[in-house]
There are 2 protein chains.
Amino acid sequence: MSINEPIKGKATSFDIAYRAGVSQSTVSRALRDSDLVNLETRNKIKAIAKELNYKVDKNASNLRSQQSTTIALLLFEDPTTDDSQINPFFLSMLGSITRACSVRGYDLLVSFQQLSDDWHADYADCHKADGIILLGYGDYQTYQQKLVSLEQQGTHFVRWGAVREGHIGHSVGSDNFQGGYEVTRHLISCGATNIAFIGGVSKGAPEFLARYEGSCKAIKEANLAVNPKLQADAINTDLDGYKGALKLIDSGERFDAVFCASDLIAVGAIKALTEQNLRIPEDVAVVGYDDIPLASFSRPTLTTVQQDTKGAGEVLVENLLHLIQGEPIVTNTLAGKLIVRQSSSKPG
Amino acid sequence: MSINEPIKGKATSFDIAYRAGVSQSTVSRALRDSDLVNLETRNKIKAIAKELNYKVDKNASNLRSQQSTTIALLLFEDPTTDDSQINPFFLSMLGSITRACSVRGYDLLVSFQQLSDDWHADYADCHKADGIILLGYGDYQTYQQKLVSLEQQGTHFVRWGAVREGHIGHSVGSDNFQGGYEVTRHLISCGATNIAFIGGVSKGAPEFLARYEGSCKAIKEANLAVNPKLQADAINTDLDGYKGALKLIDSGERFDAVFCASDLIAVGAIKALTEQNLRIPEDVAVVGYDDIPLASFSRPTLTTVQQDTKGAGEVLVENLLHLIQGEPIVTNTLAGKLIVRQSSSKPG
DNA sequence: GTGAGTCATTATAACGATTAAGACGTAAAA
DNA sequence: TTTTACGTCTTAATCGTTATAATGACTCAC
């Protein structure tokens, strides 16, 4: 037993051991409720620990047990957007992820990443985190290499995004195809026959592509024709939505509805349409995707698909923890919910 | 020198030492660019480290050096709001804080807190973080006790909020008084004579109070009368703004402008006013505070005060680091910027 | 040629926990 | 009585660093 009566700085388990008249290892066990130590001593030790305001040193604990009970969240955005404007959708997810982590006793390390950095090595490798959650719209191709090396290093990670064949690692995502399908069915039921789509399809976010494909399916099912000219590229900004809408108008093609791949795009599109004196939804119905807070306050309020952000955070964390513990993963697709608002109200 | 030729799991500094033919301590020094080790050996060691994909173990490093190069961000909201709706203003701050941390080589631990928990002990005490950033609107009284005990434990922390006399610890905040003053001067210059205020004043967020007081100053300076009946309480939600506006209308008092203590409140207020067929800004001018993304897209677009969130994150982190290193703190107040939009356009 | 002064590196303790293996009574089984 | 077993606790090794003191080698001055 070490003879360090006075507590110098923060209390250590040795200080408690001394006061309790037991060995340090017993203290360590007692505080983690090991039944290798007598209940009475256990309580005594806990009492002393509380009195001394003792907290287990995370670093020492992690070092010895070789795990950090910490999860790293890596947010990466398209390089075009700066850090002051973060996608609201991801931010709302942040809440549920944090919650999900803390419920399970995990800490959350947050980091925004430029895709250029070698983030893939910086977290799990130095034992900062047990696993990584990757969040970001973006071109899968650009960071596939990093995922491969993550995989090779045996790092545990899950990503939010489209669940597709051939993708590395485990993904959790909204059922974008189904969402696009339902949006379009809704538009058709409102009387739309020429439905435009604003959102990058050829390259870029696979989520957008899935939404588009779902939309096409609905159009075909209704015996309408898919018009490729009624599709305008846009990444996930309002400015791009604005430009996309202008492009559609300039194309001279007729359209009575616009399905925007995201709410931000929709906001921009609405601005453009309004400036051209088109009435929404009378002349053109508009639907977005994501149900960001703005959607319910824009004028007109925006019909959109609400992604289950609460559930998403929960599932992401849950799956990652399963992965870490070598258990099988269950869910990986979350249903979206169509929220009908003014921008696409039914006639009559 | 330990004789462990093969690398078992992740490489350690011993593995590198073996390959470089030097001692482990030399490796440790070399990787931190100590000039106690010859430049040539240093480069050699670095090369080998890179080749082996070696990363310093954070836990071991932290344990030994007794610091974590990690900052904890504690976000706490009024208990009324749930985790799915986080104040956009704080979220936008999150971006700059993350950026500021990573630039300085610090990690960021994020946590949302219910005020009830004993978060005050859970971060610095167990060496998870070197310091804490506290973010949250909220009644100062409710968590003052925690701040006191933080202080007592010698924990370093900074908070975002009103800088007031008698408050524990270091605060960084917008100059809310000045902001309120300028908003109101602007409204008066637009011709307003009866300016209402929606936002909790008597108790609750001191930020709101400061904005109100600034407003009152401007009113008095213009030789107008401050009408206490034209002040409605509201915490920071759109619903409360809605209710507040209705209350003002029901009061029967005349008013031609509403200064809302936050954009969220303003959004709710606009909704209420519009429903009562009041035109904005013709009948009533409306101004918010915060410049959340929604402000520039609402109909009408919302005049507001843009808080310098980018600068705020920077200053918060900077100050905290100063605090940790025992250096003096310089800045603690950030100027806001009035953004005039449609909701309060000048006549003519 | 002995002592002082550099320079580059090594040997060796910490840091504060976890955990396997061993020790010591005491009670039950042989 | 001796053995086995169990409950309870201690001893000691370990995690992978960082930091301090010690070691050699080698130059330089008196």
Side-chain angles (χ1 to χ4, degrees), chain A residues 1-4 7-45 48-49 52-70 124-128 130, chain B residues 1-4 7-45 48-49 52-70 124-128 130:
Chain A
M1 183 182 305
S2 68
I3 313 165
N4 55 338
I7 18 154
K8 352 146 208 206
K10 308 239 168 188
T12 77
S13 51
F14 281 97
D15 298 316
I16 299 177
Y18 176 78
R19 271 150 217 256
V22 297
S23 79
Q24 177 267 337
S25 55
T26 302
V27 172
S28 173
R29 283 209 190 80
L31 292 176
R32 274 170 310 121
D33 252 329
S34 162
D35 41 352
L36 287 179
V37 34
N38 182 289
L39 186 61
E40 201 177 337
T41 7
R42 230 188 289 172
N43 290 333
K44 183 172 153 197
I45 289 173
I48 297 178
L52 291 191
N53 214 331
Y54 168 81
K55 288 273 148 44
V56 176
D57 186 303
K58 257 269 178 182
N59 291 315
S61 169
N62 290 346
L63 172 59
R64 179 58 233 246
S65 55
Q66 294 294 60
Q67 48 135 357
S68 59
T69 49
T70 297
D125 271 12
C126 51
H127 294 127
K128 280 190 211 170
D130 296 338
Chain B
M1 183 182 304
S2 68
I3 313 164
N4 53 339
I7 16 154
K8 351 146 209 207
K10 309 238 166 188
T12 76
S13 50
F14 280 97
D15 298 316
I16 298 177
Y18 177 79
R19 272 152 216 256
V22 297
S23 78
Q24 178 268 336
S25 51
T26 302
V27 172
S28 173
R29 281 207 195 81
L31 293 177
R32 275 170 309 124
D33 251 329
S34 162
D35 40 352
L36 286 179
V37 35
N38 184 289
L39 186 61
E40 202 177 336
T41 2
R42 231 188 288 173
N43 290 333
K44 183 172 153 198
I45 288 173
I48 298 179
L52 290 192
N53 214 330
Y54 168 81
K55 288 273 149 47
V56 175
D57 186 303
K58 256 269 178 181
N59 291 315
S61 170
N62 289 346
L63 171 58
R64 179 59 234 240
S65 57
Q66 293 294 63
Q67 48 136 353
S68 59
T69 50
T70 298
D125 271 12
C126 52
H127 295 127
K128 280 189 210 169
D130 296 338

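The chains referred to below are lettered A, B, ... by the order of the sequence lines, with proteins before strands, and numbering in each begins at 1.
- Judged by distance alone, the side chain of A:D130 and the main-chain N or O of A:S68 form a donor-acceptor pair under 3.5 Å.
- Between its opening and closing five pairs, the helix from C:dG1-D:dC30 to C:dA30-D:dT1 changes axis direction by 60°, a value rounded to 10 degrees.
- Between A:S28 and C:dA17 there is no side-chain N or O to OP1 or OP2 distance below 4.0 Å.
- Looking at B:S25, its side chain has no donor and acceptor atom pair within 3.5 Å of the base of D:dT17.
- Rounded to whole angstrom, the span from the CD atom of B:Q66 across to the P atom of D:dT18 amounts to 13 Å.
- One atom, CG of A:N59, and another, C1' of D:dT14, lie 17 Å apart when rounded to the nearest Å.
- At whole-Å resolution of the value, CG in A:D15 and P in C:dC15 are 11 Å apart.
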> After noting the C-alpha distance and the side-chain angles of A:S25 and A:S28, does the key distance pass the side-chain hydrogen bond (donor to acceptor under 3.5 Å, both in side chains) rule?
Replying inline: CA-CA 5 Å; A:S25 55; A:S28 173; over 6 Å; no
> Between B:N62 and B:Q67, is a side-chain contact (heavy atoms from CB on, under 4.5 Å) present by the stated rule, with each step listed?
Replying inline: CA-CA 5 Å; B:N62 289 346; B:Q67 48 136 353; 5.9 Å; no
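- Atom CZ of B:R64 is separated from atom P of C:dT12 by 16 Å (rounded to the nearest Å).
- At a threshold of 4.5 Å between non-hydrogen side-chain atoms, the residues A:D57 and A:K10 do not count as touching.
- Between A:I48 and A:I45, every side-chain heavy-atom pair lies at or beyond the 4.5 Å cut-off.
- Across the protein-nucleic acid pair, B:I16 atom CD1 and D:dG16 atom C1' stand 12 Å apart, rounded to whole Å.
- Nucleotide D:dA12 holds its C1' atom 11 Å from the CD atom of A:Q24, rounded to whole Å.
- Here the side chains of A:Y54 and A:L31 are in contact, with some heavy-atom distance below 4.5 Å.
- Counting only heavy atoms from C-beta outward, the side chains of B:V56 and B:R32 never approach each other to under 4.5 Å.
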Which protein N or O atoms sit under 3.5 Å from an N or O of nucleotides 5-9 of chain D?
from	atom 1	to	atom 2	distance (Å)
D:dT8	OP1	A:N38	ND2	3.0
D:dC9	OP1	A:T41	OG1	3.2
D:dC9	OP2	A:N38	N	2.9
D:dC9	OP2	A:T41	OG1	3.1

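- With sequence neighbours excluded, no residue forms a salt bridge (Lys or Arg N to Asp or Glu O under 4.0 Å) with B:D35.
- Nucleotide C:dA13 holds its P atom 18 Å from the CG atom of B:L63, rounded to whole Å.
- Between A:S13 and C:dA17 there is a side-chain N or O to OP1 or OP2 distance below 4.0 Å.
- Looking at heavy atoms from C-beta onward, B:K128 lies in side-chain contact with A:K58 at the 4.5 angstrom threshold.
- Rounded to whole Å, atom C1' of D:dT17 lies 9 Å from atom CZ of B:F14.
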